[in-house]
Amino acid sequence: MRGVLLLLCLACVLVSCGGDDAVAPAPPRVTVTDSLITAYTGTFTVAGGQDVFECFYTDTITDRDLATRGALAVQGEGGHHLALYYTMNHQPTQHHVCDDAEMATWNIVAVAGSEAGGGDDQTLPEGLATRIPAGAQLVIQSHYINANPDALTVVDQLDVEVVDPATVL
């Protein structure tokens with residue numbers, strides 16, 4: 001998992017140093033395997049002097065019940081934390097500044113803090129997990145505190161460990 005995150009960081013550095021060639025932002029996406037959920041925001045901008053929660057509704061609807069144990073986040077400069085939620089109140093794929101009313105309909109899956117370098121001590125003990133029901137839409141929430149006067153262009157990734165639901169107490 002760390003290797004994938006390191007490659008993402010390297011790609012972010014290379015893209016940010018690429019000169020004036022504009023690259024169209026990729027939409028948010030989530031991939032789900034038997035062992036890992038990878039949530040990717042795509043590139044977005046955080047305005048200068050802002051403390052903001054960005055919401056990314058993905059096109060991923062779970063096709064089975066899932067159980068998750070841990071998470072590891074990688075964010076750009078000013079990243080505070082990255083979270084994965086699910087909702088049964090499906091929305092079109094989109095990115096916008098979060099509002100409290102929509103977040104009240106979400107259920108937490110995993111969160112990892114980037115402010116400490118994306119530390120990997122975000123894992124529940126053996127036998128415990130967060131459950132995601134089949135038919136749930138996955139939503140990424142990214143929190144940034146940009147203390148700089150200039151806007152930041154960033155990209156985030158959250159890797160969430162998936163475990164066999166049969167192993168959960």
Side-chain angles (χ1 to χ4, degrees), residues 1-17 23 25-48 50-60 62 66-87 91 93-100 102-103 106-126 128-132 136-148 151-163 168:
M1 182 165 33
R2 287 188 179 158
V4 171
L5 295 173
L6 291 173
L7 287 174
L8 176 67
C9 288
L10 178 60
C12 292
V13 169
L14 293 174
V15 168
S16 67
C17 296
V23 176
R29 71 176 185 274
V30 173
T31 57
V32 180
T33 69
D34 289 338
S35 61
L36 189 67
I37 297 172
T38 300
Y40 173 77
T41 61
T43 304
F44 64 102
T45 301
V46 179
Q50 296 296 305
D51 181 348
V52 65
F53 289 85
E54 302 280 339
C55 291
F56 302 85
Y57 284 88
T58 72
D59 63 359
T60 301
T62 56
L66 298 168
T68 66
R69 279 193 55 223
L72 183 63
V74 174
Q75 291 185 282
E77 178 185 348
H80 186 263
H81 70 266
L82 193 57
L84 184 66
Y85 291 85
Y86 75 84
T87 182
Q91 300 295 317
T93 302
Q94 60 183 290
H95 163 222
H96 59 268
V97 174
C98 302
D99 69 63
D100 292 341
E102 73 182 324
M103 292 188 298
W106 298 352
N107 300 279
I108 188 73
V109 173
V111 63
S114 184
E115 73 281 355
D120 57 357
D121 191 10
Q122 307 293 324
T123 303
L124 295 171
E126 288 290 331
L128 298 180
T130 302
R131 294 188 184 267
I132 307 170
Q137 181 180 21
L138 298 180
V139 182
I140 307 165
Q141 180 200 67
S142 182
H143 180 207
Y144 271 83
I145 303 170
N146 183 1
N148 298 309
L152 298 171
T153 300
V154 296
V155 61
D156 295 345
Q157 180 173 326
L158 181 67
D159 287 338
V160 181
E161 178 188 6
V162 174
V163 297
V168 178

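- Residues forming a side chain to side chain contact (heavy atoms under 4.5 Å, CB included) with Thr31 (at least two apart in sequence, or on another chain): Thr38.
- Residues Pro28 and Gln94 come closest through the heavy atom pair CG-O, 4.3 Å.
- With values rounded to the nearest 0.5 angstrom, Leu82 atom CG is found 9.0 Å from Gln157 atom CD.
- Applying the side-chain hydrogen bond (donor to acceptor under 3.5 Å, both in side chains) criterion to Asp34, with sequence neighbours excluded, gives Arg64.
- Side chain of Tyr57 to main chain of Gln137: no donor-acceptor pair is present (N/O by atom type, distance under 3.5 Å, no hydrogens or angles).
- Tested against His143 for a side-chain hydrogen bond (donor to acceptor under 3.5 Å, both in side chains), the candidates Gln75, His80, Glu54 yield a single pass: His80.
- Looking only at side-chain heavy atoms (C-beta outward), Val155 and Tyr40 come within less than 4.5 Å of each other.
- Distance check, rounded to the nearest 0.5 Å: CZ of Phe53 to CG of Asp100 gives 9.0 Å.
- Scanning for side chain to side chain contact (heavy atoms under 4.5 Å, CB included) contacts around Thr33 gives Ser35, Leu36, with sequence neighbours left out.
- One distance of note links CD1 of Ile108 with OG1 of Thr68; it measures 9.0 Å at 0.5 Å rounding.
- With sequence neighbours left out, the ring-ring contact (aromatic ring centres under 6.0 Å, His included) criterion links Tyr86 to no other residue.
- At distances below 3.5 Å, not a single donor-acceptor pair connects side-chain atoms of Asn146 with backbone N or O atoms of Gln50.
- Applying the side chain to side chain contact (heavy atoms under 4.5 Å, CB included) rule to Thr62 yields the partners Leu66, Ile132, Ala136, Leu138; only residues at least two apart in sequence or on another chain are considered.
- Annotation: side-chain hydrogen bond (donor to acceptor under 3.5 Å, both in side chains) contacts of Asn107 (sequence neighbours excluded): none.
- Under a 3.5 Å cut-off, the side chain of Thr60 and the backbone N or O of Val30 do form a donor-acceptor pair.
- Scanning both residues, Tyr144 and Gly76, for their nearest heavy atoms gives OH-N, 2.8 Å.
- In terms of heavy-atom proximity, Val163 sits nearest to Ala129 at CG2-CB, 4.2 Å.
- The side-chain hydrogen bond (donor to acceptor under 3.5 Å, both in side chains) search around Glu77 returns Asn148, not counting sequence neighbours.
- When the side chain to side chain contact (heavy atoms under 4.5 Å, CB included) test is applied to Glu126, the partners found at least two apart in sequence or on another chain are Arg69.
- Ala71 and Ala110 get closest at one heavy-atom pair: CB-CB, 3.7 Å.
- Of all the heavy atoms in Ala151 and Thr45, the pair that sits closest is CB-CG2, 3.7 Å.
- Taking the side chain as every heavy atom from C-beta outward, Leu84 and Ile37 approach each other to under 4.5 Å.
- Here the side chains of His96 and Glu102 are in contact, with some heavy-atom distance below 4.5 Å.
- For Phe56, the ring-ring contact (aromatic ring centres under 6.0 Å, His included) partners are Phe44, His95, not counting sequence neighbours.
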